[in-house]
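Keep in mind that this is a model prediction, so the values were computed, not measured.
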Amino acid sequence: MSDTYFEFGTAADRWDRAQMFFEAKEYMTAARILEGLVEEVPEQVSPRLLLARTYYHSARLGRAETELRAVLERDPVEPYARLMLGRTLERQGRSAEATGHLRMAAAFSGDFDVDAGRRADG
């Protein structure tokens, strides 16, 4: 696929296309589109959050962490970014660092017993 495909159309067109590729589990293609969008509108949280998700699902955890931290710099109370950052850190074997983020995500969602969810999963 040529690079022009990823740059074609308005930002809204590219956002729709990136979501379509993400939903089809074509994470690498979604990431290529989203990388351009994030560069174009770095202040917007939604494209960056979806980019972090594409990185997470394609096991590019370092990149996911970087994008999630950028989201949280812009919106420190974004609960899904907190949850994803915690899960990303866990997948990297950094459980102690993940705990604070997971607790904040739980508190934002009203689930104050973060360990209860872990007990139910395990």
Taking every non-hydrogen atom, the tightest pair across [X] and [Y]:
X	Y	result
A98	G86	CB-O, 3.2 Å
R91	A59	NH2-CB, 3.9 Å
A105	L83	CB-N, 3.6 Å
A70	R48	CB-CD, 3.5 Å

Next on the checklist: Listing request: all side-chain hydrogen bond (donor to acceptor under 3.5 Å, both in side chains) pairs with a residue in residues 74-85, at least two apart in sequence or in separate chains.
Outcome noted: R82-H101

Using 0.5 Å steps for rounding, measure from the [atom1] atom of [X] to the [atom2] atom of [Y].
X	Y	atom1	atom2	result
L34	R17	CG	CZ	11.0 Å
K25	S58	NZ	OG	13.5 Å
R87	E90	CZ	CD	5.0 Å

Next on the checklist: Tell me whether E43 at atom CD has more than 12 heavy atoms from other residues, nucleotides or ligands lying less than 6.0 Å away.
Outcome noted: yes

With the 4.5 Å side-chain cut-off for hydrophobic clustering, are [X] and [Y] part of the same group?
X	Y	value
V45	L85	yes
I33	V38	no
F21	L51	no
L50	V71	no

Checklist entry - Can you name the ring-ring contact (aromatic ring centres under 6.0 Å, His included) partners of Y56, sequence neighbours left out? => result none

Next on the checklist: Does any part of the side chain of V77, heavy atoms only, come nearer than 4.5 Å to the side chain of L72, both counted from C-beta?
Outcome noted: no

Checklist entry - Hey, are the side chains of L89 and Q92 touching, using non-hydrogen atoms and a 4.5 Å cut-off? => result yes

Next on the checklist: By the salt bridge (Lys or Arg N to Asp or Glu O under 4.0 Å) test, which pairs, at least two apart or in different chains, include something from residues 49-65?
Outcome noted: E35-R63, E65-R69, E65-R94

Item to check | Fellow cluster residues of V41, listed by chain then number, with links counted only when side-chain atoms sit under 4.5 Å apart | outcome: none

Next on the checklist: According to side chain to side chain donor-acceptor pair (under 3.5 Å), who are the partners of D13, at least two apart in sequence or on a separate chain?
Outcome noted: T10

Next on the checklist: side chain to side chain contact (heavy atoms under 4.5 Å, CB included) for Y55 and L61? Distances and angles first, verdict last.
Outcome noted: CA-CA 6 Å; Y55 288 151; L61 301 177; over 6 Å; no

Checklist entry - Quick one: ring-ring contact (aromatic ring centres under 6.0 Å, His included) pairs with a partner in residues 23-54, sequence neighbours left out? => result F22-Y27, Y27-H57

